[in-house]
Amino acid sequence: MRTHRPGELRSGDDGTRVTVCGWVAHRRDHGGVVFLDLRDATGLLQVVVDPGVAGLEDVRRVRSEWVLRVSGVVRPRPAGTVNDSMPTGEIELGADSLEVLSESEPPPFPLDERADIDEVLRLRHRYLDLRREPMQRNLRVRAAVNAAVRAAMDAQGFCEIETPMLIASTPEGARDFVVPSRLHPGSFYALPQSPQLFKQLLMVGGFDRYYQIARCLRDEDLRADRQFEFMQLDLEMSFADQADVLAATSVAVLAAAEAVRPGDAPDAVAQITWREAMDRFGSDKPDLRFGMELIDLGEVFAATEFRAFQGAACVKGLCVSGHGESSRNVVDGLVERAKQLGAAGLVWMRVRDVDGVATLESPVVKFLSEPERLGIIDTLGAKVGDLVLLASGSWATTVSVLGQLRLDLGRPPVSEGGLHFVWVVDFPLFEGLGEGGRPSPAHHPFTMPHPDDFDLLDSDPLAVRSQAYDLVLNGWELGSGSVRIHRREVQQRIFALLGIDEDDQQRKFGFLLDAFRFGPPPHAGFAFGIDRLVAILAGEDNIREVIAFPKTQSGTDPLTNAPTPIDPTQLRELGLAMRATPKS
RNA sequence: GGUCCUGUGGUGCAGUUUGGAGUGCACGCCGCCCUGUCAAGGCGGAGGCCGCGGGUUCAAAUCCCGUCAGGACCGCCA
């Protein structure tokens, strides 16, 4: 059907007779000569229909997005008509035959890359949106990431194994999508939130290095970085510790980054403890593309007379470079934001030049001693023209409030600042107290405690660190993993702490615990989100831009109209009855 | 469940603050002209439930209430 692809022809093809196929991107009809820009996935090629060439009269009818098959000879463009802005700009195709393969109505929106089109319209006609260069680019980035990840895992001796989509519902975690069973009316399958339990069974089954690019489904509200269904590189390793998992996973993500952003990818993934990430960046997913770290001012205010900071567990500051002349309106907005985030208040100070000396100016500065004022400037490294923000209170609130303000004020756009991968390690085992005063697991109940912290399990459970870890890229959580508990007595101890009794254990995880009676190897694993990784690598701040057919924020698909009501006979067959008339 | 933002010819916007005729810009579409353009150009034309419903008013795209759709976020996402 074709001998070449339009976007691949170059000046070296001069004189070659070719046949190309594609869509009409632009038509420039000069009355005599007619120019067509023919587009396919490889790019654009200018087709010239000279006047008087027999059999090409059809070109007058041709419109945007018609599909053509054009034959002719590649020729250099005449002097002065070369187009430097396109890769095929030195040549053109002098058509001598033209076949209309398919006609098109005018598209409902322009397919130029420039146009910023309403997203519902794009999704309703996604097949047209996919023709546009950004979507072509993003989905090809995605394919390259998948290929690089697979190659990296295969090269490291991992075995790709699929796990089922129709599984038993497990009561923990996110809300399940469920599928009614026809053969067992009243019973339901769940769609997997992740292959978590199955991959641990694979370890018991002797596949010591498993991976899968797995589809995961969670029925929770959607966000810019969350869809109902998403893809994860899921992996698990036997006879391996945390360092082994981090190393194997690093190879895969760095290979993916190198494949699509050659030269931008670092040689290694940085590492930081959870505690340090919270202390310095106020987040368990620190964005390391910029500094603006949180600085401890506990010593400066150790003996302060300033009431707001007296007796505070934590006083920290943030120096916002160059924001010193922010209007009162803007600054008040920051105070309001801090309060919404849970802070009791926010102290702000402008750094101004007074007789050549950097001096703090603020409504509260009169309550501070001279050493305190100098200490703030000195410790924060504040300069004339900066804005200083101080918060105090509990450690957790103080760091998280300042951490959010840091992002609000300093975070670069998604496509800038390079690629800063970081492992966040030593997460706490439990995240606060849940119902009944029991600690609740920060990761999941099979997470191995940190080897140095077993003694704290009974005395101070909330201080126990775990062998759980997150992978973070530019402030996005890509994924998490852990070393799993494989010893029965440790698992029983954790279940006891969590308040999960024997019945609960059997009901929720019975088959896994059963399997663990038969020689479970020590194992550890990880999973990271392909959609998020691809989005960042493609410079998109929304994963819908890297998914061929995504859903809207309310979980609908404007193209297929999913979800739809189903036929009453279908309901009957499944043993289901509608309780109330659904809306619309 | 909640907060905030958006909705105006096919597309992207302006108009809404301060109510006064569907007013404007760019693109697209249709017709005519045009032999070197490249987002071609020139002339002409068609195309509107101002998301939907209600209210206030002599008068509503504009003000108020409700509702629908979309987006960002909080909750949620072990």
- Message: Give me the distance, rounded to whole Å, that separates B/U18 from B/C4 when you measure between the C1' atoms they each carry.
- Response: 25 Å
- Message: Nearest whole Å is fine: how far is B/A72 P from A/Glu545 CD?
- Response: 10 Å
- Task: Counting heavy atoms from C-beta on, name the nucleotide in B/G71, B/C77, B/G36 closest to the side chain of A/Thr81.
- Result: B/G36
- Item | Gap in Å between the two P atoms, one belonging to B/G48 and one to B/U11, rounded | 13 Å
- Task: Could you measure between the two P atoms, the one in B/G7 and the one in B/U17, and give it in whole Å?
- Result: 14 Å
- Query: Across all strands, who's sitting opposite B/A59 as a Watson-Crick or G-U wobble pair, both distances under 3.5 Å?
  - Reply: none
- Task: Go through the structure and list residues passing side-chain hydrogen bond (donor to acceptor under 3.5 Å, both in side chains) with A/Arg484, not counting sequence neighbours.
- Result: A/Glu236, A/His444, A/Ser482
- Task: Can you tell me, in whole Å, how much space there is between the C1' of B/C50 and that of B/A21?
- Result: 15 Å
- Message: Quick check on A/Gln505: does its CD atom have over 12 non-hydrogen neighbours (other residues, nucleotides or ligands) under 6.0 Å away?
- Response: yes
- Task: Using the six-membered ring wherever Trp is involved, compare the ring planes of A/Trp423 and A/Phe526 and label them parallel, tilted or perpendicular (cut-offs 30° and 60°).
- Result: perpendicular
- Message: Any donor-acceptor pair, under 3.5 Å, between the side chain of A/Asp118 and the base of B/G70, if you only look at N and O atoms?
- Response: no
- Which listed nucleotide (B/A39, B/C73, B/C76) is nearest to the side chain of A/His26? B/A39
- Message: Side chain of A/Thr556, heavy atoms from C-beta onward: which of B/G36, B/C73, B/G70 has the nearest atom to it?
- Response: B/G70
- Near A/Arg507 CZ, under 6.0 Å, is it more than 12 heavy atoms from other residues, nucleotides or ligands? yes
- Message: Taking CZ in A/Phe188 as the centre, count heavy atoms belonging to other residues, nucleotides or ligands within less than 6.0 Å. Is the count above 12?
- Response: yes
- Task: Would you mind classifying the nucleic acid contact of A/Thr552 as base, sugar-phosphate or nothing, using non-hydrogen atoms under 4.0 angstrom?
- Result: sugar-phosphate
- Item | Pairing partner (Watson-Crick or G-U wobble, both distances under 3.5 angstrom) of B/U3 | B/A72
- Task: Give one of base, sugar-phosphate or nothing for A/Leu121, where a contact means two heavy atoms less than 4.0 Å apart.
- Result: sugar-phosphate
- Task: Quick one: label A/Arg175 by what it contacts on the DNA or RNA (base, sugar-phosphate, nothing), any heavy atom closer than 4.0 Å.
- Result: nothing
- Message: In whole Å, measure the gap between the C1' atoms of B/C76 and B/G66 for me.
- Response: 28 Å
- Message: Just to be sure I understand the rule, does A/Ser554 reach a base, reach only the sugar-phosphate, or reach nothing, if contact means heavy atoms closer than 4.0 Å?
- Response: sugar-phosphate
- Message: So A/Gln404, base contact, sugar-phosphate only, or nothing? Heavy-atom distance under 4.0 Å.
- Response: nothing
- Note on the structure: Nearest-nucleotide check on RNA chain B, A/Ser64 vs A/Arg75; residue mapping nearer the 5' end is A/Ser64
- Could you give the distance separating B/U16 and B/A61 at their P atoms, to the nearest angstrom? 14 Å
- Message: Nearest to the side chain of A/Pro110, heavy atoms from C-beta on, is which of B/G75, B/U11, B/G71?
- Response: B/U11
- Query: Does a distance-only test, which skips hydrogens and angles, find a donor-acceptor pair under 3.5 Å between the side chain of A/Glu105 and the base of B/G10?
  - Reply: no
- Task: Would you classify A/Asp116 as touching base, sugar-phosphate or nothing, given that sugar-phosphate means primed atoms plus P, OP1 and OP2, and contacts are heavy atoms under 4.0 Å?
- Result: sugar-phosphate
- Query: With sugar-phosphate meaning primed atoms plus P, OP1 and OP2, does A/Ser85 contact a base, only sugar-phosphate, or nothing at under 4.0 Å between heavy atoms?
  - Reply: nothing
- Looking across every strand, which nucleic acid part, if any, lies under 4.0 Å from A/His30 by heavy atom: base, sugar-phosphate, or nothing? base
- Task: Determine the contact category for A/Pro51: base if any of its heavy atoms lies under 4.0 Å from a base atom, sugar-phosphate if only primed atoms, P, OP1 or OP2 are that close, otherwise nothing.
- Result: base
- Message: Let's test your reading of the model: under 3.5 Å, does the base of B/G71 pair with the side chain of A/Arg544 as donor and acceptor?
- Response: no
- Item | Heavy-atom neighbours of A/Arg215 CZ exceed 12 at 6.0 Å | no
- Query: Which of these nucleotides, B/G12, B/A39, B/A72, is closest to any side-chain atom of A/Asp112?
  - Reply: B/A39
- Query: Quick one: on RNA chain B, does A/Val48 or A/Ala174 contact a more 5' nucleotide (nearest heavy atom)?
  - Reply: A/Val48
- A/Ile117 CD1 to B/C13 C1': how many Å, rounded? 12 Å
- Query: Which whole number of Å gives the distance between the C1' atom of B/A60 and that of B/G19?
  - Reply: 6 Å
- Looking for any heavy atom pair under 4.0 Å, which part of the strands does A/Pro78 touch: base, sugar-phosphate only, or nothing? base
- Stacking between A/Phe35 and the base of B/U37 (centre distance under 5.5 Å, interplanar angle under 30°)? yes
- Task: Write down the atom of A/Leu130, the atom of A/Phe549, and the distance for their closest heavy-atom approach.
- Result: CD1-CZ, 4.0 Å
- Message: Using Watson-Crick or G-U wobble geometry with both distances under 3.5 Å, which nucleotide pairs with B/U11?
- Response: B/A26
- Item | Nucleotide forming a Watson-Crick or wobble pair with B/G66, both distances under 3.5 Å | B/C52
- Item | Base paired to B/C77 (Watson-Crick or G-U; both N/O distances under 3.5 angstrom) | none
- Report the distance from atom CD of A/Gln340 to atom C1' of B/G75, rounded to the nearest whole Å. 14 Å
- Identify whether any heavy atom of A/Gln193 sits under 4.0 Å from a base atom; if not, whether one sits that close to sugar-phosphate; answer base, sugar-phosphate or nothing. nothing
- Message: With rounding to the closest Å, how many angstrom separate the C1' atoms on B/G47 and B/G31?
- Response: 15 Å
- Task: Determine whether any donor atom in the side chain of A/Arg77 lies under 3.5 Å from an acceptor atom in the base of B/C38, or the reverse, and answer yes or no.
- Result: yes
- Message: Between A/Glu113 and A/Arg137, does any NZ, NE, NH1 or NH2 come within less than 4.0 Å of an OD or OE carboxylate oxygen?
- Response: yes
- Base, sugar-phosphate, or nothing for A/Asp176, non-hydrogen atoms under 4.0 angstrom? nothing
- Message: On a heavy-atom basis, which atom in A/Gln212 and which in A/Tyr210 lie closest, and how many Å separate them?
- Response: NE2-OH, 2.7 Å
- Query: Side-chain donor or acceptor of A/Asp37 under 3.5 Å from a matching atom on the base of B/C38?
  - Reply: no
- Does A/Arg218 make a side-chain donor-acceptor contact with the base of B/C77, cut-off 3.5 Å? no
- Check every atom of B/C34, B/C29, B/U37 against the side chain of A/Pro106 and return the nucleotide holding the closest atom. B/C29
- Message: Nearest to the side chain of A/Arg226, heavy atoms from C-beta on, is which of B/G36, B/U37, B/C77?
- Response: B/C77
- Note on the structure: Picking from B/C76, B/C30, B/A72, the nucleotide nearest the side-chain atoms of A/Arg63 would be B/C30
- Message: Suppose we define a pair by two distances each less than 3.5 Å, Watson-Crick or G-U wobble; what does B/A40 pair with here?
- Response: none
- Closest listed nucleotide, where the reference is the side chain of A/Val120 and the choices are B/G75, B/C77, B/G70: B/G70
